[in-house]
Enquirer: 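Below is a structure I'd like to ask you about.
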Amino acid sequence: MRVTSSGETLGATIEGLDLGRPFSDGELDRVVRTLGERGVVRFPGQKLTGRQLADFSARFGELEINVANAYQEPGIPEVMILSNIVEDGRPVGLADAGQDWHTDMSYSRTIAFANVLYGIKIPKRGGRPLGATEFSNMHAAYDGLPEEMKRDLEGMTVLHDFNKFWDMMRREKGSKRPPLTEAQRKAKPPVSHPIFLAHPTTGRRVLYANPGYAVRINELPEKESEQTLEFLFEHQLKPEYRYAFHWQESDVLMWEDIGTIHSAVADYGPHEHRLIKRCQVMATMFQPGEER
Ligand code: SIN
């Protein structure tokens with residue numbers, strides 16, 4: 001198993017590991033350590049069934065079954081299909097070309113530890129891959145905050161709402177996803193998490209707020225909460241914290257969700273096909289801390 005850093009603020013490649021086969025606890029530890037240090041890890045040249053993707057992902061924690069309860073691999077609801085392909089008039093997956101910045105599952109009581117995505121079809125134009133996934137480094141964003149702000153916000157909490165991102169995708173990104181039903185909203189009521197978390201594998205502090213789901217800093221008056229969130233959303237996307245991942249077919253891309261936020265780039269059209277299978281790993285094995 002060889003680990004090569006991207007040389008940028010995030011990103012590494014791990015070669016020499018077949019994710020379709022069982023692997024040792026030592027190898028697992030090395031992947032987890034690399035994830036903490038580099039945030040985003042690429043495993044090139046993989047060939048996986050949906051079952052193998054789910055089994056690999058489940059080594060890192062319990063897998064989430066998305067509340068939307070759709071676009072799932074038949075018989076394996078933990079594997080969600082992201083795709084703009086339409087077969088016999090029916091979309092084969094959740095067909096959003098592009099997104100906005102967010103952290104998966106910050107809206108859940110048990111937050112996400114990691115995402116595992118398997119790139120089966122990647123759109124290309126002129127030989128150049130499209131539909132990159134972009135990341136921003138929340139260890140660096142915390143470190144870069146003014147000291148006074150770190151002190152003032154310490155111990156505060158942020159309210160995260162699943163419906164904020166879902167509605168934004170429908171309103172602003174032309175997503176065909178239907179509005180959430182009453183039952184879906186009840187299943188995922190807004191939840192609060194500390195604004196700063198101790199990362200479960202690095203032990204360092206991260207900024208845990210994201211434009212996709214964060215709606216309110218609970219301990220501040222409404223106006224001040226709005227202004228502070230606006231500042232944080234701009235701060236956390238400074239160019240020096242950013243990393244863009246350009247897909248190749250057969251890549252498995254794994255990122256940890258506590259120290260990064262991400263967004264998918266919408267630079268491909270409906271006939272430029274993208275097919276990705278995704279598992280979301282909950283922070284059941286690797287739980288963030290709150291105390292210094
Ligand atoms: C995701 O947010 O999990 C999907 C990102 C992508 O489609 O690149």
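For this chain, numbers begin at 1 and follow the sequence in order. Heavy atoms only: backbone and side chains are in, while hydrogens, waters and symmetry mates are out. Just follow the structure's listing: the first ligand is 1, and inside any ligand the first atom is 1.
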Enquirer: Students should be able to answer this: which protein heavy-atom is nearest to atom 2 (O) of ligand 1, and at what distance?
Expert: H262 NE2, 2.8 Å
Enquirer: State the atoms of ligand 1, each with its element, that fall below the 4.0 Å cut-off from a heavy-atom position in N115.
Expert: 3 (O)
Enquirer: Do R278's NZ or CZ and the ring of Y118 fall within the cation-pi criteria of under 6.0 Å and 45°?
Expert: no
Enquirer: Which atoms from ligand 1 have a heavy atom of L82 less than 4.0 Å away?
Expert: 4 (C), 7 (O)
Enquirer: At what distance is the nearest protein heavy atom to atom 3 (O) of ligand 1, and which residue and atom is it?
Expert: R278 NH1, 2.9 Å
Enquirer: Which of the atoms of ligand 1 are close to H102, meaning less than 4.0 Å from one of its heavy atoms?
Expert: 2 (O)
Enquirer: Using a strict cut-off of 4.0 Å, indicate which atoms of ligand 1 neighbour a heavy atom of A264.
Expert: 6 (C), 7 (O), 8 (O)
Enquirer: Answer side chain, backbone, both or neither: which part of D104 comes under 4.0 Å from ligand 1, heavy atoms only.
Expert: side chain
Enquirer: Using 30° and 60° as the class boundaries, would you call the ring planes of F23 and F56 parallel, tilted or perpendicular?
Expert: tilted
Enquirer: Do the side chain of R38 and the main chain of G11 share a donor and acceptor less than 3.5 angstrom apart?
Expert: yes
Enquirer: Quick check with a 6.0 Å cut-off and a 45 degree axis cone: is K150 positioned over the face of Y142's six-membered ring?
Expert: yes
Enquirer: Which protein non-hydrogen atom lies closest to atom 8 (O) of ligand 1, naming both residue and atom, and how far is it?
Expert: T133 OG1, 2.7 Å
Enquirer: Check Q280 against ligand 1 and report side chain, backbone, both or neither, counting heavy atoms closer than 4.0 Å.
Expert: neither
Enquirer: I would like to know whether H262 and T133 meet side-chain hydrogen bond (donor to acceptor under 3.5 Å, both in side chains); could you show each step before the answer?
Expert: CA-CA 7 Å; H262 66 276; T133 311; over 6 Å; no
Enquirer: Centres of the H273 and Y268 rings: under 6.0 Å?
Expert: no
Enquirer: Give me the residue, atom name and distance of the protein heavy atom closest to atom 7 (O) of ligand 1.
Expert: R274 NH1, 2.8 Å
Enquirer: Would R205 and E154 satisfy salt bridge (Lys or Arg N to Asp or Glu O under 4.0 Å), going step by step from the backbone distance to the final call?
Expert: CA-CA 11 Å; R205 262 177 142 48; E154 185 61 47; 2.7 Å; yes
